[in-house]
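Just so it is clear, the values below take in all heavy atoms, side chains as well, and ignore hydrogens, waters and symmetry mates.
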Amino acid sequence: MAIIYNHKEVERKWKAVWDRDPVNMPSKDKKNYYCLDMFPYPSGSGLHVGHWRGYVLSDVWSRYKILQGYYVLHPMGWDAFGLPAENYAIKMGVHPAKATAENVENFKKQLKEISAVYDWDKEVSTTDPNFYKWTQWIFVKMFKEGLAYEKQMPINWCPDCKTGLANEEVVNGECDRCGSKVTKKNLRQWMLKITAYAERLLEDLIPLEWPEKVKKMQTDWIGKSYGAEIDFPIDGVDEKIKVFTTRPDTLYGATFMVLAPEHEAIKAITSDDRRAEVEDYVFMASMKSSVDRLQDKEKTGVFTGSYAINPLNGAKIPVWVSDYVLADYGTGAIMCVPAHDERDFAFAKKFELPIIQVIIPEGQELKELEEAYIGDGVMVNSELFDGLKATQAKEAVARYLEEHEIGNKTTNYKLRDWVFSRQRYWGEPIPIVHCQKCGAVAVPEEELPVLLPEVETYQPTGTGESPLAAITEWVNTTCPECHGPAKRETNTMPQWAGSSWYFLRYVDVNNDQELISKEKAKEWVPVDMYVGGIEHAVLHLLYSRFYTKFLYDIGVVEFSEPFTRLFNQGMICKNGAKMSKSKGNVVSPDELVARYGCDSLRIYELFVGPPELDSEWDDRGIEGVYRFINKVWNLLNDNINKSVATTKALEKIKNQMIYDITTRLNSFHFNTVISAFMEYANKLVDISKNHGGVDHQTLEVFAILLSPFAPHMAAEMWEKLGKTNSVFENSWPIYDEEKMQEDEIEMPVQVNGKVKGTIIIGLEETKDSVLSKARELVLSKIEGCTIVKEIYIPNKIINIVVK
RNA sequence: GCGGGUGUGGCGGAAUUGGCAGACGCACUAGACUUAGGAUCUAGCGGGCGACCGUGCAGGUUCAACUCCUGUCACCCGCACCA
């Protein structure tokens, strides 16, 4: 009679045990391992089964590492500054600090349902003054190193969130957070000079054990390209305009030049008769949002009335203004080679500008172009460079330009400096004081943190000022340098500020002297395994790398990459869409835990599909896992009071089981690890029922293997098997390859590549004997035919080719 | 347009180096036990009566292809006037 496993009782029991006495880590002389989840924003809506996926995965991995003998750090914390708490505060009239504290409480309660081995005594929150003291400290350090600077410039502005945004936060012209169309606003900003780290951010990606996709996204975002800057004198005006090109080889094919509408030389070079039209165009361009500018594929533009002189051959080429040239990339001006660039070609066609081809495909004649020719070839129309291959000409022209001081080789990046200030309340105050006399002065390190003051209204002003600006008693202060009257900076930091370095703080949470002590840093960081969603590929993950490199440069840590290994779990979808409150397709773990237990849900989260891919959630699927749990429970109970001898067959299955589960786990195939558990459970049940029972040794191994996945039941099994220590105090079982070996092998036999049946052969059987058995098996199929060939792959397959 | 990913039963998905396609599970069908079954157990479950045919589609390499090569289609994700 089957017993129903009482998950409620068992889980309650072990949760209580672990609350009192958390899972013991192995002794400290073992190697350390740091396994980290991207810390959550504690939203009011709580956790759904999609959130569980990554947390379960990293917990299984942590527990596996514990069993492998590592001293594991697996902490959890809160990325608690940010807009949602503030918006909630505005709507409900609750202070964000209060709302955040409540959400954290609720989140923590829900997270505890997972029964992960989190080190709760190492919890951090970005909103804790003891934490953000160090967030501010890093800013001060950056300021002193010249990496944090103020700039008045048009920046991305979200009209709904009423704050400036970083480039990384604008997705397809929309606010990453709320989806509103992003506009431009000219504001005084605090910027971080991430561009100073562009090269290192790019190069250091190479050796990281990260998904290629993320590395690629960061590489593209940094966007390095090689080329040359070339000076073009303007005919009749004392101006030179510098352009950037990746194709100096095409210089003889330049037939016009285009400036971005924001280019500062426009005023000086525009002729009087063109001035009205040019000013109109520039004005219209400034009114268009970046989205509109991107979406208008049809080229527009105006002629300035001026001509630039090609420095190589003296050709006069007209200078135009068009919004297809970006002001903030390269020099904001380009030389246009319509013959060899699609965009220039489109522009030339529209405004009937000349097209001069300077590269022809090898072995072909010059003929009129239907479209821009982008490919490789041989130089023509290029005076002394004629006949060279274009690839060689690129270098040759660049060298010539340098020798004649017309231009120079250069490298460009798409990466822009980081717009770091936010005109919002719920963030770290930027620790700067503005003094009439001394300018911007950093708050002295010993005075940190600059506490976020209480305010009456959190409402963003929309004027480009933070709500903090209204608190005059806070704003007015004295200059740390001259002690004269001064005003505090009222902008706050973006949510990314705290999350860019939090992983360091877990290691040394209570240190009030340093951000992290040297010793602890050496022991624990960088993070060995970082688990989280792909959505931070160019945000959090890029910023964290930048911060880490900076902290390395100022000697805080001794490594420059924060996350050695990164794993992006796939999303959980329902009805084909990402699970989210707004889509209304959220599945709550609470009911599933109540009905099937934490262990079942943990296992189902892994079983639902390959961990790196998105998976569709089906509530019914968990039934199968629940049956598996019960099956294992009954297997245990059927054998617990028997003393079954350890037979060769049981040894074999035990070792095979260890092998299969370990190899699949090592390659991160969690879904097939679960399949393996089910297969071996089925096999053991069969042995238990039909072949004399299962020995305790095998059951013990099963419990240990299962313990990272179903910790409660494994602990209960362990106890029922008469053990007094914790199941987690074991070592991960080792398989014995010899004992895994089968003593006979079932081999498929093919005729002409089609399987016709199988034969059983002994381990030592000769090729001749095997082949004769095979022929016998397929006798009826090969009768009357000539055997052309017999393929014999030992232990794999036999293929008899006949005619 | 560029880059990346994915196409396998009714569904989620398996398949080390090319070597028995569909493991494991869901759903479904039949039976058993039951007052009952949304519990449990047993059996079946790609298509076809069959020889055979089947991994998006069309070719190719090979004794042998989900796996390698060429071409092609569909869907998803990222980037997108970066000169």
Side-chain angles (χ1 to χ4, degrees), chain A residues 1-4 171-172 211-217 219-221 223-225 227 243-247 250 254 258 260 293-299 322-326 328-337 340-344 346-347 412-416 534-535 537-538 570-571 573 576 603-604 607-610 612-625 627-628 630-631 634 663-664 667 669 671-682 689 746-758 788-793 795-802:
Chain A
M1 184 57 196
I3 307 163
I4 303 296
V171 179
N172 294 326
E212 287 306 317
K213 182 178 184 171
V214 176
K215 291 199 202 180
K216 180 83 170 66
M217 283 168 76
T219 305
D220 287 352
W221 187 260
K224 182 178 186 176
S225 53
V243 302
F244 171 72
T245 179
T246 54
R247 298 291 305 273
T250 62
V258 175
R293 265 172 79 160
L294 289 176
Q295 271 163 2
D296 292 344
K297 289 285 176 189
E298 180 75 13
K299 299 270 180 291
S322 172
D323 66 3
Y324 83 93
V325 174
L326 306 174
D328 60 357
Y329 180 77
T331 61
I334 59 169
M335 66 173 209
C336 298
V337 185
H340 305 293
D341 182 282
E342 287 174 16
R343 298 148 300 180
D344 298 346
F347 195 88
N412 250 309
Y413 299 91
K414 289 189 204 172
L415 185 69
R416 296 276 84 92
I534 184 81
E535 65 273 18
V538 286
M571 290 183 309
C573 301
I603 291 176
Y604 186 55
F607 190 52
V608 71
E612 70 281 6
L613 299 181
D614 294 351
S615 290
E616 175 74 18
W617 187 266
D618 183 352
D619 271 345
R620 291 176 302 186
I622 197 174
E623 292 275 355
V625 172
R627 284 177 199 140
F628 160 75
N630 274 288
K631 193 177 280 181
N634 279 292
T663 37
R664 292 174 192 199
S667 53
H669 293 157
N671 54 328
T672 60
V673 170
I674 306 303
S675 305
F677 271 117
M678 290 172 168
E679 270 176 82
Y680 284 102
N682 291 343
K689 290 200 171 146
E746 193 187 11
M747 271 182 88
V749 179
Q750 297 181 326
V751 175
N752 290 345
K754 302 268 151 66
V755 175
K756 298 298 173 186
T758 57
V788 181
K789 208 179 199 179
E790 286 174 327
I791 311 284
Y792 169 66
I793 312 291
N795 304 338
K796 284 265 167 79
I797 206 160
I798 297 146
N799 189 8
I800 299 172
V801 186
V802 297

Lys215(A) and Glu212(A) ion-paired at < 4.0 Å: yes
Whole-Å gap separating P (A83(B)) and NE2 (His340(A)): 17 Å
Partner set under ring-ring contact (aromatic ring centres under 6.0 Å, His included) for Tyr680(A), not counting sequence neighbours: none
Sugar-phosphate only, base, or nothing, as touched by Lys756(A) at under 4.0 Å among non-hydrogen atoms: sugar-phosphate
Comparing Asn752(A) and Pro610(A) on RNA chain B - which has the more 5′ nearest nucleotide: Pro610(A)
Tyr413(A)-Trp221(A) aromatic ring centre distance below 6.0 Å: no
Contact pattern, 5' to 3', of nucleotides 16-30 of chain B - B, S or - by protein heavy atom under 4.0 Å: BB-BBS-BBSSS---
C1' gap between C68(B) and G18(B), integer Å: 8 Å
Polar side chain donor-acceptor pair, Tyr324(A) to Asp344(A), under 3.5 angstrom: yes
Distance-only polar pair, side chains of Asn682(A) and Lys631(A), donor-acceptor under 3.5 Å: yes
Nearest-nucleotide 5' precedence on RNA chain B, Leu613(A) against Phe244(A): Leu613(A)
Base-pairing assignment for U61(B) (Watson-Crick or G-U wobble, both under 3.5 Å): none
Interatomic distance at P, A74(B) relative to A30(B), whole Å: 42 Å
G9(B): syn or anti, per glycosidic angle within 90° of 0: syn
Check: Ile534(A) and Val214(A) side chains under 4.5 Å, non-hydrogen atoms: yes
C1' gap between U42(B) and C77(B), integer Å: 46 Å
Assigned partner base of A32(B), Watson-Crick or wobble definition, under 3.5 Å: U40(B)
Below 4.0 Å: OP1/OP2 of C63(B) and any side-chain N or O of Lys789(A): yes
Distance between C1' atoms of A83(B) and G4(B) (Å, rounded): 24 Å
Main-chain N/O of Val802(A) paired with Asn752(A) side-chain donor or acceptor, under 3.5 Å: yes
Nearest-angstrom distance from the residue atom CG of Asp328(A) to P of C81(B): 11 Å
Heavy-atom closest contact (Tyr329(A) atom, Arg416(A) atom, distance): CA-NH1, 3.9 Å
Spacing of the C1' atoms in U55(B) and A15(B) (rounded, Å): 11 Å
C1'-based separation of G13(B) from A21(B) [nearest Å]: 13 Å
P gap between G46(B) and A23(B), integer Å: 8 Å
Atom pair distance, as rounded to whole Å: NZ in Lys299(A) and C1' in A83(B): 11 Å
Side-chain N or O of Tyr329(A) closer than 4.0 Å to phosphate OP1/OP2 of A83(B): yes
Interatomic spacing from CZ in Arg664(A) to CG in Asn671(A) - rounded to 0.5 Å: 9.5 Å
Reading 5' to 3' through nucleotides 74-79 of chain B, protein heavy-atom contacts under 4.0 Å coded B for base, S for sugar-phosphate only, - for none: ---SS-
Watson-Crick or G-U wobble mate for C2(B), both contacts under 3.5 Å: G78(B)
Separation between CE of Met335(A) and CG of Asp341(A), rounded to the nearest 0.5 Å: 9.5 Å
Rounded P spacing from G47(B) to U29(B) in Å: 15 Å
